[in-house]
K.L.:
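Sharing a structure here in structure tokens format.
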Protein chains: 2
Amino acid sequence: MKIDIDTVLREHGIQPSAQRVAVAQYVLNTTAHPTAEKVAAEVRKTFPMISRATVYNTLNLMVEHGLLREFVLDDGTTVFDANVGSHHHFVDDETGRIHDIPWDSLKVSKLEALEGFEVREYQVVLRGRLRGTSRRRS
Amino acid sequence: MKIDIDTVLREHGIQPSAQRVAVAQYVLNTTAHPTAEKVAAEVRKTFPMISRATVYNTLNLMVEHGLLREFVLDDGTTVFDANVGSHHHFVDDETGRIHDIPWDSLKVSKLEALEGFEVREYQVVLRGRLRGTSRRRS
DNA sequence: ACACGCGCAAGACTAAGTCTAACTTTAGAC
DNA sequence: GTCTAAAGTTAGACTTAGTCTTGCGCGTGT
Ligand SMILES: [Mn+2]
Ligand SMILES: [Mn+2]
Ligand SMILES: [Zn+2]
Ligand SMILES: [Zn+2]
């Protein structure tokens, strides 16, 4: 399950360090789309003395090197996504949680007909409720 | 071209005032998707003494009353959109400017097949270059 | 004249993120 | 094994966007 983070970092041109490994270990093994502060909080459970600046530095480094993607929610929150391939996002209205939607689950057509726009990339952002989440108490 | 802002506000349950009319006048008549600070700057050209808090209050009020929609860009910037109907957005890579894409220009299919997700609304966000914008000097 | 309610203004405050400058730690070189 | 330069880390200052607080001014009704 947990592959060699050290190697992953090196393969992407990032010099490993205890702090970087701790951050990568967490953020590459969650699908929760955590914020930077959430990452800091989680990492501190096992590496209490890591600084805020280092967490941000590491996350930004990983984004620059394509190990991570940044995603901004509708309310302005910035989260990090270990899933760097093309996919869509579904935001749960009730919890705010983000769920990945596989690229092939949706199809966007008529893109080529968009006169004047040269589309490099796109994404569908959906919002709604999880089915079966029929109003359970908080 | 410029309809009676006073009436528009009242029709949406907002008590008009000089400041509110000034803000609405600008923000309802642009397709530029301005930030709050941009709105403040523009409004001050004709109403120099308006406070930052009032600009924010008015924009938020208009959003609450459905006169305006808030939209958050990929870089986290929050902008306001007078186009409150369903539409998609195209972000110009070079200038960062946002262009509205009419709802019917695109079609997203297979939505109903998304098991477990009850979609309330969605939007396609596209990024790329404007065709014909072939590298003119800045 | 008085008082209430509403809206506005100014500035304090907050949260997310970046930057700075000093300090460790590391990787090589010897 | 030492030494040293480069790279990494740190605490805290700073910035930016936005919210909150508090007091003030003004119109309306009595
Ligand atoms: Mn970033
Ligand atoms: Mn807002
Ligand atoms: Zn994702
Ligand atoms: Zn728009």
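Please read all numbers here as calculations on a predicted model, not as lab measurements. Residue numbers begin at 1 in each chain, while the letters A, B, ... track the order of the sequences.
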K.L.:
OP1 or OP2 of D/dA6 less than 4.0 angstrom from a side-chain nitrogen or oxygen of A/Gln15, does that happen here?
P.N.:
no
K.L.:
Evaluate A/His87 against A/Asp81 for side chain to side chain donor-acceptor pair (under 3.5 Å), listing each step before the verdict.
P.N.:
CA-CA 11 Å; A/His87 62 284; A/Asp81 191 344; 3.0 Å; yes
K.L.:
Provide, to the nearest angstrom, the distance between the NZ atom belonging to B/Lys38 and the P atom belonging to D/dT16.
P.N.:
18 Å
K.L.:
What do you reckon, are the aromatic ring centroids of B/His89 and B/Phe71 less than 6.0 Å apart?
P.N.:
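Yes.
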K.L.:
On the nucleotide D/dA11, are OP1 or OP2 found under 4.0 Å from the side-chain N or O atoms that A/Arg52 carries?
P.N.:
no
K.L.:
Between A/Glu37 and A/Ala53, who's closer to the 5' end of DNA chain C by nearest nucleotide?
P.N.:
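With A/Glu37 and A/Ala53 compared, the 5'-side residue is A/Glu37.
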K.L.:
Would you check if the side chain of A/Lys110 reaches a backbone N or O of B/Asp104 as a donor-acceptor pair within less than 3.5 Å?
P.N.:
yes
K.L.:
Specify the closest pair of heavy atoms between B/Gly128 and B/Phe90, including all atoms of both residues, with the distance to one decimal.
P.N.:
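Looks like C-CZ, 3.5 Å.
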K.L.:
Would you mind checking if A/Arg127 and A/Asp93 are paired as a salt bridge, meaning a charged N to carboxylate O distance below 4.0 Å?
P.N.:
yes
K.L.:
Indicate whether OP1 or OP2 belonging to D/dT9 is found under 4.0 Å from a side-chain N or O atom of A/Ser17.
P.N.:
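Yes, A/Ser17 has a side-chain N/O under 4.0 Å of OP1/OP2 on D/dT9.
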K.L.:
For the residue pair B/Glu37 and B/Arg52, what are the closest heavy atoms and their distance?
P.N.:
OE2-NH1, 3.1 Å
K.L.:
Let me know which of B/Leu68, B/Leu67, B/Thr54, B/Thr35 forms a side-chain contact (heavy atoms from CB on, under 4.5 Å) with B/Leu59.
P.N.:
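Exactly one candidate clears the test, B/Leu68.
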K.L.:
For residues B/Arg69 and B/Asn83, determine if any side-chain heavy atom of one lies less than 4.5 Å from a side-chain heavy atom of the other.
P.N.:
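Contact flag for B/Arg69/B/Asn83 side chains = no.
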K.L.:
Measure from CG on A/Leu9 to C1' on D/dG8 and round the result to the nearest Å.
P.N.:
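Taking CG of A/Leu9 and C1' of D/dG8, I get 14 Å after rounding.
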K.L.:
Residues of residues 55-77 of chain B with any non-hydrogen atom less than 4.0 angstrom from an atom of DNA chain D: list those, numerically ordered, please.
P.N.:
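Within this stretch, B/Tyr56, B/Asn60 sit under 4.0 Å of the strand.
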K.L.:
Could you give the start and end, 5' to 3', of the contact zone on DNA chain C for chain A, using atoms under 4.0 Å from its heavy atoms?
P.N.:
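Here the contact window of chain A covers C/dA16 to C/dA27.
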